[in-house]
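Notes to accompany the following structure.
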Amino acid sequence: MIMALTKVQRRARIKSRVRTVVSGTAERPRLNVYRSNKQIYVQVIDDAQGTTLLAVSSSDKGIAEASGTKTEKAAMVGKAIAEKALAAGITEVVFDRGGNLYHGRVKQLADAAREGGLKF
């Protein structure tokens, strides 16, 4: 008898499938999204060096104090990461949704980052 995958196992399988295709370089780093139940975290990662270049989360000071829904805060995080990336000279990134569906908070974050000037 074959058991169905749990939600965590299914997400881990999707994440590994995405990561086989998506990899960041120095010219075009990876924009990684991690979504928990309450917060959303974004990192710009250079996989060739194995370093995190930038990071922003919804628990950062300016964003956490702002009022709004989790989706609105995800949009704020997207704008903040775009501003930081442009200040650091990063204009193009590869989007890594981290096994999450491209929907809701993840989509809102990506759209806000695009509006902020990042190209994926």
Side-chain angles (χ1 to χ4, degrees):
M1 177 186 237
I2 298 174
M3 300 281 295
L5 293 175
T6 64
K7 191 188 293 189
V8 174
Q9 290 170 329
R10 181 182 164 278
R11 185 174 166 272
R13 186 177 284 185
I14 293 169
K15 184 176 182 177
S16 66
R17 211 168 40 227
V18 168
R19 286 288 291 123
T20 57
V21 177
V22 176
S23 180
T25 62
E27 303 84 41
R28 198 166 174 191
R30 177 168 56 101
L31 183 75
N32 182 44
V33 177
Y34 175 74
R35 181 183 60 87
S36 71
N37 285 338
K38 293 188 178 185
Q39 307 292 339
I40 192 158
Y41 306 88
V42 181
Q43 293 180 326
V44 176
I45 302 168
D46 178 5
D47 288 318
Q49 296 290 323
T51 57
T52 299
L53 306 173
L54 304 167
V56 176
S57 74
S58 58
S59 61
D60 288 354
K61 196 170 192 176
I63 299 169
E65 294 168 351
S67 63
T69 63
K70 292 188 283 187
T71 307
E72 291 167 350
K73 288 190 179 187
M76 291 181 211
V77 170
K79 287 180 185 172
I81 197 71
E83 290 171 6
K84 275 189 164 184
L86 292 176
I90 300 168
T91 56
E92 289 191 8
V93 294
V94 179
F95 190 70
D96 176 11
R97 58 192 172 90
N100 299 303
L101 293 175
Y102 187 77
H103 181 274
R105 288 191 278 162
V106 176
K107 185 176 188 296
Q108 200 69 23
L109 185 143
D111 290 343
R114 280 194 192 100
E115 288 174 15
L118 284 180
K119 296 176 186 165
F120 340 156

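Residues: numbered from 1 along the sequence shown.
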Min side-chain heavy-atom separation T52-V44 under 4.5 Å: no
Less than 4.0 Å between a side-chain N and a carboxylate O, is that true for D47 and R19? yes
Distance-minimising heavy-atom pair for A112 and A75: CB-O, 3.2 Å
Are V42 and Y102 connected into the same hydrophobic cluster when the rule is that any two of I, L, V, M, F, W, Y join if their side-chain heavy atoms are below 4.5 Å apart? yes
Judged by atom type as modelled, is there a donor-acceptor pair below 3.5 Å linking the side chain of Q9 to the main-chain atoms of T6? yes
L54 vs I81, test: side-chain contact (heavy atoms from CB on, under 4.5 Å). Steps then yes/no. CA-CA 8 Å; L54 304 167; I81 197 71; 4.1 Å; yes
What about V22 and L31, same hydrophobic cluster or not, with Ile/Leu/Val/Met/Phe/Trp/Tyr joined at side-chain heavy-atom distances under 4.5 Å? no
Looking at E72 and T69, would you say the former's side chain and the latter's main chain have a donor-acceptor pair under 3.5 Å? yes
Side chains of L101 and V106: closer than 4.5 Å at any heavy-atom pair? no
What is the distance from atom NZ of K73 to atom CG of D60, rounded to the nearest 0.5 Å? 11.5 Å
Considering only heavy atoms from C-beta outward, does the side chain of V18 approach that of R97 to under 4.5 Å? yes
Please answer whether the main-chain N or O of G98 pairs with a side-chain N or O of D96 as donor and acceptor at a distance below 3.5 Å. yes
Relative to each other, are the rings of F120 and F95 parallel, tilted or perpendicular (30° and 60° limits)? parallel
The complete set of salt bridge (charged side-chain N to carboxylate O under 4.0 Å, His left out) pairs with one or both residues in residues 111-120, sequence neighbours excluded, reads K107-D111, D111-R114
Over all heavy atoms of both residues, which pair between R11 and N100 is shortest? Give the atoms and the distance, please. NE-OD1, 3.3 Å
Taken to the nearest 0.5 Å, the spacing of R30 CZ from D46 CG works out to 10.0 Å
Heavy-atom donor-acceptor pair, S58 side chain to I40 backbone, under 3.5 Å: yes
Side-chain heavy-atom pair S57, Y34 within 4.5 angstrom cut-off: no
NE2 of H103 to CD of Q108, rounded to nearest 0.5 Å, is 10.5 Å
Separation between CD (E27) and OG1 (T91), nearest 0.5 Å, reads 11.0 Å
Could you tell me the separation between the CZ atom of R28 and the OG1 atom of T25, rounded to the nearest 0.5 Å? 8.0 Å
Quick check: do I90 and L53 have side-chain heavy atoms less than 4.5 Å from each other? yes
Set out, in order, the CA-CA distance, both residues' side-chain angles and the distance that settles side-chain contact (heavy atoms from CB on, under 4.5 Å) for E92 and L118, then state yes or no. CA-CA 6 Å; E92 289 191 8; L118 284 180; over 6 Å; no
Shortest non-hydrogen contact from R105 toward Q39: NH1-O, 3.5 Å
Say whether, by atom type as modelled, one donor and one acceptor occur between the side chain of K79 and the main chain of A113 under 3.5 angstrom. no
Residue pair I63 / V56, side-chain heavy-atom distance below 4.5 Å: yes
